[in-house]
Undergrad: 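I have a structure I would like to understand better, so I am pasting it below and will then ask my questions one at a time.
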Amino acid sequence: MTDWLITQGGYTRGTLGFIEGSWEATAALFAVLFGLVVMRHQWAPKLPYGLYSLIVLGLLMTLDALTGDCRFMWAYLVVLGILHDQVPILKTLAYTVLFFTVHTGMKYGLNLAPNLGEISTEGVLFAFFGWMSGWMYRGHARAEEIQQENSHLLDKVDKAHSRLHEYIDELEETSRRDYLTGLYNFGGLQEQVTKSLSRCMATGHYYHVVCVDLVDFQQVNMREGIDAGDQLLVQIARQLKKNLPPLAQVARYDGDQFVVGLTGDESAMRFCLETVENVIAGLRAERSLVNVCIGTASYPGEAQSASELIRLAEHRLSIEQKRIRHQEEERRRHLEKLSAVGQLAAGLAHEIRNPLTSIRGFIQISATESPEVKKWESIMLPEIDRINDLLKQFLHLSETRPARHTLFNLDRLIDDVLQLLNPKAILMGHDLTPQPPSSPVIIEADAEQIKQVLINLVQNGLEALADKGVVFVRWKEMRDRISIRVQDTGSGIPPEYMSRIFDPFFTTKGDGSGMGLSICHRIISEHGGQVHVTSQPGSGRGTTFNIHLPIRQVVKDDHGDGDPGGLPPKSTTNRSEVVDRLNMLNASPS
């Protein structure tokens with residue numbers, strides 16, 4: 001074995017002998033070795049594990065053989081320490097033993113016994129460098145752990161910052177929103193209008209603000225409760241957001257006021273107004289007490305800033321609110337006027353009819369006896385009858401008898417009215433078209449008075465038709481109220497007459513007394529209802545009378561007032577009694 005090692009050593013020296021002493025080759029190998037050590041982190045992962053260290057060790061052996069310098073141990077130690085700074089401790093220990101064995105073999109061969117002292121000292125140095133490599137590995141591993149922990153902490157901090165910013169943005173957004181509807185509040189609206197105006201200034205677009213106020217909202221709260229009022233506001237908000245363009249800003253403030261801001265030309269403004277009217281009209285079909293007034297303002301023609309734009313729209317809204325209040329005052333004066341006319345009629349009608357009857361009888365007797373009087377009888381008697389009819393209208397207007405509230409089927413009553421007037425409609429060349437609900441409607445009211453109102457309205461609709469037309473009668477139940485709609489396809493009512501149609505003695509008919517609609521208005525008011533009129537002259541839609549009546553009548557106290565404190569009205573009958581009596585009515589033989 002000894003001879004073989006000596007032979008191999010001689011062979012190796014012989015092989016490398018041709019380059020021994022060549023500084024060029026030594027420098028080249030040293031440069032390669034230096035490159036492998038410096039680029040260890042980039043190149044080592046590309047080779048199988050351990051091969052890189054063996055290649056470096058092989059270059060060290062070659063340089064050691066070329067130089068033949070016994071002080072080459074420092075190169076082994078430095079390369080060992082640097083090359084294995086990131087190698088686990090057990091592998092570092094194995095490479096330390098390998099480096100030490102190679103160095104010892106290259107320096108001493110098999111002549112170990114005489115050099116045990118030096119070998120031991122050098123072993124301590126290799127052990128020290130191996131320990132240093134392990135210590136560097138632990139430090140490096142700890143540094144990576146700390147780096148990962150720091151990276152994890154930084155990720156947590158970034159996430160916390162992101163959540164904090166999101167929470168702050170959410171708080172800011174919440175502060176700009178209305179708590180009930182989720183729309184913008186007044187502050188949020190001002191901010192949105194300001195941003196929109198700045199964009200419009202840059203692009204040259206128009207911007208519009210539309211203020212909407214619910215006129216009768218307080219009555220909704222009083223009659224149906226605060227929850228019903230809140231539900232109405234939420235419903236309006238949803239319908240506006242659903243039907244308006246996505247970029248339109250919608251806000252609610254001051255309880256029952258809504259504001260819409262949108263970019264566009266005049267067509268966009270018209271579309272917004274039509275949308276608001278359609279939303280309110282849809283709700284009005286379910287609730288009678290839904291009416292609005294509107295104020296508008298536009299940029300840049302009418303205002304130059306957000307505050308001016310909103311202030312102008314609110315100012316116009318306040319003007320419209322004053323106009324509505326003025327109409328209510330006019331309506332109250334109209335009722336007072338009706339009361340005065342009724343008192344006058346009550347005092348004069350009976351006094352006039354008695355002598356009028358005597359005069360009519362005298363003329364009839366005189367006509368039988370005198371040919372001269374007979375000649376004028378055909379003129380005087382119709383005029384006396386006309387005066388008598390007018391007095392009857394007075395008596396109807398002044399009638400103060402207590403209403404006879406009973407339960408009755410509204411479907412049957414309307415059917416009776418239409419059958420009564422259908423022959424007249426056929427003679428006039430028109431159609432009467434009922435639009436009944438899916439289920440019967442039972443109402444508590446004075447059936448004769450309600451029939452009188454319907455006859456009057458349907459007759460007016462027929463008389464308003466010029467060519468072949470149609471009068472539609474539609475009715476349905478909505479919660480605790482009944483809606484009745486009488487619509488004709490005539491020419492409509494001129495705008496200048498709309499404010500006077502319920503006034504006594506006002507008529508556009510040549511032979512009318514002007515008392516019919518006044519009596520209808522009084523009857524509906526006494527039943528706790530409302531009557532609204534809409535007319536579109538020249539559109540082919542004619543005139544529509546909308547009547548809203550309570551299903552149950554209010555129990556009045558001794559003073560004639562309803563239930564105090566704004567409490568819901570109490571009925572003289574309950575719903576179960578209505579159903580029972582209706583079942584008995586249907587079960588009875590005809």
Side-chain angles (χ1 to χ4, degrees), residues 178 181 183-186 189-190 193 206-222 229 232-233 235-237 239-240 243-244 248-262 264 266-285 287-299 301-303 305-335 493-502 530-537 544 546 548:
D178 172 48
T181 61
L183 302 177
Y184 288 110
N185 54 26
F186 189 75
L189 172 70
Q190 286 183 316
V193 173
Y206 294 92
Y207 190 81
H208 311 282
V209 170
V210 179
C211 292
V212 182
D213 178 63
L214 299 181
V215 177
D216 305 313
F217 184 71
Q218 301 251 344
Q219 297 184 35
V220 174
N221 282 337
M222 292 177 61
L232 175 61
L233 294 175
Q235 192 173 2
I236 293 175
Q239 291 297 322
L240 290 177
N243 294 286
L244 287 171
Q249 296 103 18
V250 186
R252 167 187 170 254
Y253 65 98
D254 285 349
D256 59 346
Q257 290 191 10
F258 292 86
V259 181
V260 180
L262 74 163
E266 291 297 326
S267 62
M269 167 74 87
R270 288 194 298 270
F271 176 76
C272 179
L273 295 177
E274 291 175 358
T275 301
V276 172
E277 291 176 356
N278 292 335
V279 168
I280 298 303
L283 295 176
R284 192 181 293 122
R287 301 168 178 262
S288 60
L289 298 176
V290 181
N291 294 289
V292 298
C293 55
I294 297 175
T296 64
S298 300
Y299 165 87
E302 299 174 336
S305 66
S307 58
E308 291 179 359
L309 197 62
I310 297 174
R311 191 182 305 116
L312 178 58
E314 287 186 331
H315 176 67
R316 291 176 174 173
L317 179 65
S318 65
I319 295 175
E320 184 69 13
Q321 289 171 335
K322 292 178 181 177
R323 187 186 67 81
I324 296 294
R325 285 195 294 268
H326 177 70
Q327 287 183 348
E328 290 296 324
E329 293 176 359
E330 288 293 329
R331 178 174 174 271
R332 186 166 55 252
R333 284 195 292 266
H334 168 71
L335 293 177
I493 301 174
E496 60 269 21
Y497 295 158
M498 286 294 294
S499 61
R500 302 180 58 193
I501 60 175
F502 293 115
Q530 299 87 30
V531 55
H532 303 286
V533 184
T534 58
S535 185
Q536 300 178 357
T544 302
N546 295 283
H548 296 273

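Worth knowing before you read on, the calculation uses all heavy atoms, side chains too, and leaves out hydrogens, waters and symmetry mates.
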Undergrad: Quick one: list whatever passes side chain to side chain donor-acceptor pair (under 3.5 Å) with D213, sequence neighbours left out.
TA: Q321
Undergrad: Mind checking the CD-CG spacing from Q249 to L244? Nearest 0.5 Å is all I need.
TA: 11.0 Å
Undergrad: Give the minimum heavy-atom separation between S535 and I493, together with the two atoms involved.
TA: OG-N, 2.6 Å
Undergrad: Nearest 0.5 angstrom please: N278 CG to N243 CG, how far?
TA: 8.0 Å
Undergrad: Could you go step by step and tell me if L233 and F258 meet the side-chain contact (heavy atoms from CB on, under 4.5 Å) rule?
TA: CA-CA 9 Å; L233 294 175; F258 292 86; 3.9 Å; yes
Undergrad: Report the distance from atom CD of Q235 to atom CG of L232, rounding to the nearest 0.5 Å.
TA: 6.5 Å
Undergrad: Roughly how far, to the nearest 0.5 Å, is OG1 of T296 from CD1 of I294?
TA: 8.5 Å
Undergrad: Atom SG of C293 and atom CD1 of I319: how far apart are they, to the nearest 0.5 Å?
TA: 11.5 Å
Undergrad: Please test Y184 against V259 for side-chain contact (heavy atoms from CB on, under 4.5 Å), starting from the C-alpha separation and ending with a verdict.
TA: CA-CA 9 Å; Y184 288 110; V259 181; over 6 Å; no
Undergrad: Search all heavy atoms of A313 against all heavy atoms of A297 and return the closest pair with its distance.
TA: N-CB, 3.8 Å
Undergrad: Please determine which of T181, V212, L183, V279 meets the side chain to side chain contact (heavy atoms under 4.5 Å, CB included) test together with L240.
TA: V279
Undergrad: May I ask you to test the F186-I310 pair for a side-chain heavy-atom distance under 4.5 Å?
TA: yes
Undergrad: How close do H208 and S298 get, heavy atom to heavy atom, and via which atoms?
TA: ND1-OG, 2.7 Å
Undergrad: Could you give all pairs that pass the salt bridge (charged side-chain N to carboxylate O under 4.0 Å, His left out) test and reach residues 309-322, with sequence neighbours left out?
TA: E302-R316, E320-R323
Undergrad: In the structure I gave you, are the side-chain heavy atoms of L317 and Q257 within less than 4.5 Å of one another anywhere?
TA: yes
